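Just so we're clear, the structure is a prediction, and the values are computed from it rather than from any experiment. Order of the sequence lines sets the chain letters (A, B, ...), proteins ahead of strands, with each chain counted from 1.
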There are 2 protein chains.
Amino acid sequence: MNRSESERKRNRPPETATIRDVARQARVSLKTVSRVINGEASVREETRARVLQAIDTLDYRPDLSARSLRSARAYAVGLVYDNPNPYYIIAVQQGALSVCREMGFGLQIHPCDSKAPRLAEELHDLVRRSRLAGLVLAPPMSEHVALLRKLTAYDIPLVRIISAAEDPRDGFPCVFVDDRDAAYAITEHLIQLGHVRIGFLWGGKQHRSSPERYKGYEQALHDYGIKLAKELVVEGDYSFDDGFRGARRLLALPDPPTAIFGSNDEIAAGVLAAARAGGLHVPYDLSVAGFEDSPFSRHSWPSLTTARQLTEQIAQHATRLLIARLRGGDIGNEGFSPELVVRGSTAPPRPRH
Amino acid sequence: MNRSESERKRNRPPETATIRDVARQARVSLKTVSRVINGEASVREETRARVLQAIDTLDYRPDLSARSLRSARAYAVGLVYDNPNPYYIIAVQQGALSVCREMGFGLQIHPCDSKAPRLAEELHDLVRRSRLAGLVLAPPMSEHVALLRKLTAYDIPLVRIISAAEDPRDGFPCVFVDDRDAAYAITEHLIQLGHVRIGFLWGGKQHRSSPERYKGYEQALHDYGIKLAKELVVEGDYSFDDGFRGARRLLALPDPPTAIFGSNDEIAAGVLAAARAGGLHVPYDLSVAGFEDSPFSRHSWPSLTTARQLTEQIAQHATRLLIARLRGGDIGNEGFSPELVVRGSTAPPRPRH
DNA sequence: GTCAGGGATGACAACGTTGTCAATTTGCAT
DNA sequence: ATGCAAATTGACAACGTTGTCATCCCTGAC
């Protein structure tokens with residue numbers, strides 16, 4: 001029986017070494033191994049080498065449960081979202097995960113219902129139970145001020161991804177996406193093509209991005225001296241069906257729009273479908289623009305003029321910002337402006353007959 | 001100084017109660033509280049009530065790190081995938097997560113590179129460091145037998161989601177999706193509409209689903225006495241671009257197909273685009289079918305005939321199966337057969353002129 | 001040669017929970 | 001009442017790590 005003490009007693013497979021085995025092998029104390037693992041100063045180069053050698057030989061990996069149980073530091077952040085758009089969510093996950101891996105953090109995803117009555121408590125429980133260092137909040141949760149206040153009252157560090165034309169400087173750190181500016185650019189593009197009657201289909205009111213996009217549309221019309229026609233603006237949700245319905249309504253008007261700006265690509269896809277159902281040829285009979293640059297916008301026919309959001313980079317920055325703040329530093333809020341992408345769904349209006 | 005001992009010493013916020021506080025409040029031992037939390041038998045009803053009352057009063061939540069550190073049981077499973085399709089991944093996550101929540105497990109997502117050279121070691125580390133109870137593997141990882149063998153050698157419990165016409169009974173538990181059967185149904189649908197020259201566009205070879213779908217196509221042609229024309233079969237990947245290219249090639253043939261079966265909806269979307277670029281009217285000049293029932297298939301024009309996969313339910317079953325096996329039981333492998341969904345992209349062929 | 005100062009190291013307790021096993025109480029037949 | 005098995009409860013150690021603090025060793029100044 002020459003197996004080590006820890007090998008005999010463990011219920012994990014025998015090949016799993018602990019810090020204790022490493023210490024024995026390197027002939028140092030537990031604490032010294034811990035120091036090497038955590039990159040602390042005050043370890044002689046020779047000792048460090050011996051420990052690293054032992055770690056390598058034994059294929060040792062620190063146990064995250066034990067680490068987070070004992071340590072004052074935390075080793076994971078939570079990503080909180082309630083968004084029906086898989087492309088958006090996957091991009092956010094990807095961005096957050098890449099930064100977490102780089103920084104040695106874990107990531108806990110937490111899809112949830114933004115309208116749940118006890119959401120703050122739910123998130124508080126999550127943070128406590130899983131010992132999360134903080135939360136990254138995606139829209140629309142990131143825009144519920146009451147929620148933010150409650151989380152802050154619980155002392156939960158957080159960073160938001162929000163829609164705003166400028167840094168809100170309200171004390172809640174954030175990455176802000178200038179939907180207004182991008183919506184302005186899209187509307188301007190349509191105006192410069194010669195459109196005057198431009199329809200607008202709203203997205204969901206629970207997202208701050210909706211009014212922001214509307215404001216960009218409004219502002220562009222105003223700057224180019226075009227009177228906003230109320231009958232060309234239709235409320236709805238960020239969905240294909242609402243895009244379809246909204247477009248049908250607009251196209252049935254006595255003096256229908258020559259272009260329709262859907263608040264996101266799904267809505268614009270609905271517009272494309274409605275146009276086709278109505279026998280209209282896009283872009284010659286009707287120009288259509290979307291927002292988001294989802295893969296759909298590239299693969300539809302015609303491909304959609306839209307605004308490209310660097311969602312993955314936005315999530316990366318948010319995560320980096322959170323981790324920096326946890327460490328006492330602060331790399332500052334940052335703004336992103338989606339970029340106009342012109343494709344085949346927009347063209348000059350057909351001359352009036 | 002009348003704060004409890006554990007309140008004074010802790011670095012977590014003071015309102016966070018531990019099992020010790022609950023025990024004191026309920027005037028029982030730590031162990032009894034533990035028993036109540038874990039729903040063990042042998043606790044008197046009156047005692048249980050007192051403990052639950054104390055838990056409620058103190059708003060106590062068990063700490064997952066401590067729990068998983070101490071316990072022989074594990075409390076989280078990993079979800080491993082490398083799949084570019086966000087709709088698929090979100091559905092798998094959703095399914096796995098719903099079962100995990102129901103069973104009191106955590107979920108650790110692990111997107112990775114299926115072609116990474118040391119993938120087995122990477123997953124082994126993940127399991128050890130995060131003390132995962134087991135892994136749910138999505139395609140294509142779930143189909144690398146060498147990987148499965150290595151993971152099994154590491155004693156990592158796993159459940160696969162794979163493409164197969166029947167239970168492989170190879171010792172690795174799984175949920176199997178009968179792509180072959182569904183591809184047969186789609187091909188049969190096209191044949192019954194009157195098509196004889198039916199093109200087939202392959203998906204990526206690293207996915208088992210690709211040959212399975214091809215076999216279904218092949219079998220249906222055979223059963224209906226149609227000779228398989230090699231020039232109508234094109235290799236490629238599960239992508240829009242390969243669908244576009246493949247369709248272009250097929251449509252340029254001297255005797256082009258009257259229907260094209262794309263191995264997934266993305267490919268089919270590429271076919272739609274190629275048809276349009278070639279001035280063909282779908283479905284009158286060309287029928288198109290996809291596979292997967294992604295939202296795109298509903299929103300394209302015309303909407304796609306496809307096969308509906310109950311991805312979320314498949315993931316749920318896989319997760320349930322894993323957890324059942326961890327507990328020593330076994331609820332058995334299960335098969336799912338995607339269901340034919342007929343939409344606007346398929347119609348009888350135009351009569352030859 | 002002694003001593004201060006700082007770098008390197010280690011002993012030990014603690015994080016919050018559950019597993020083991022022994023002690024106590026209960027219920028029930030005698 | 002009494003005895004005995006079963007139900008209930010608790011004391012204590014342990015999981016694998018890091019924080020605190022003490023000790024040791026070395027260097028260089030006196």
Euclidean distance, atom CG of residue A:L64 to atom P of D:dT18 [Å, nearest integer]: 10 Å
Atom-to-atom span, CD1 of A:I19 to P of D:dC15 - whole angstrom: 14 Å
Sugar-phosphate only, base, or nothing, as touched by A:Y75 at under 4.0 Å among non-hydrogen atoms: nothing
N or O in side chain of B:S34 less than 4.0 angstrom from C:dT17 OP1/OP2: no
Shortest non-hydrogen separation from B:E121 to B:Y154 and the atoms involved: OE2-OH, 3.5 Å
Distance-only donor-acceptor test (3.5 Å): side chain A:R70, base D:dT18: yes
Value in whole Å for how far the C1' atom of D:dC15 lies from CZ of B:R128: 16 Å
d(CZ, B:R20; P, C:dC15) in whole Å: 7 Å
A:Y75 six-ring centre to A:R131 NZ/CZ under 6.0 Å and within 45° of normal: no
Distance below 4.0 Å between A:T32 side-chain N/O and C:dG10 OP1 or OP2: yes
Any B:R44 side-chain N or O less than 4.0 Å from OP1/OP2 of D:dT9: yes
Between C:dA11 (P) and A:K31 (NZ): distance, integer Å: 13 Å
Side-chain N or O of B:S71 closer than 4.0 Å to phosphate OP1/OP2 of C:dT18: no
Touch class at under 4.0 angstrom, heavy-atom based, for B:S65 against every strand present: nothing
Stepwise side-chain hydrogen bond (donor to acceptor under 3.5 Å, both in side chains) test for B:Q316 and B:S98: CA-CA 7 Å; B:Q316 282 183 352; B:S98 70; 3.0 Å; yes
Side-chain donor-acceptor contact under 3.5 Å, A:Q53 with A:Q25: no
Rounded distance in Å - CZ (A:R61) to P (D:dT17): 12 Å
From D:dT9, D:dG19, D:dG16, nucleotide with atom closest to A:L69 side chain: D:dG16
Phosphate OP1/OP2 of C:dG10: any A:S29 side-chain N/O under 4.0 Å: yes
Atom-pair distance (CG on B:D63; C1' on C:dA14), nearest Å: 14 Å
Base of D:dG10 paired with side chain of B:R35 (donor-acceptor, under 3.5 Å): yes
Between A:R67 and A:N38, a side-chain donor and acceptor under 3.5 Å: yes
Nearest-nucleotide 5' precedence on DNA chain C, A:A66 against A:R27: A:R27
Integer-rounded Å distance: D:dG16 P and B:R129 CZ: 15 Å
Residue B:S42, side-chain atoms from C-beta onward, closest of D:dG16, C:dT17, D:dT8: D:dT8
Where B:V159 and B:A318 come nearest, the two heavy atoms and their spacing: CG1-O, 3.6 Å
Touch class at under 4.0 angstrom, heavy-atom based, for B:S68 against every strand present: nothing
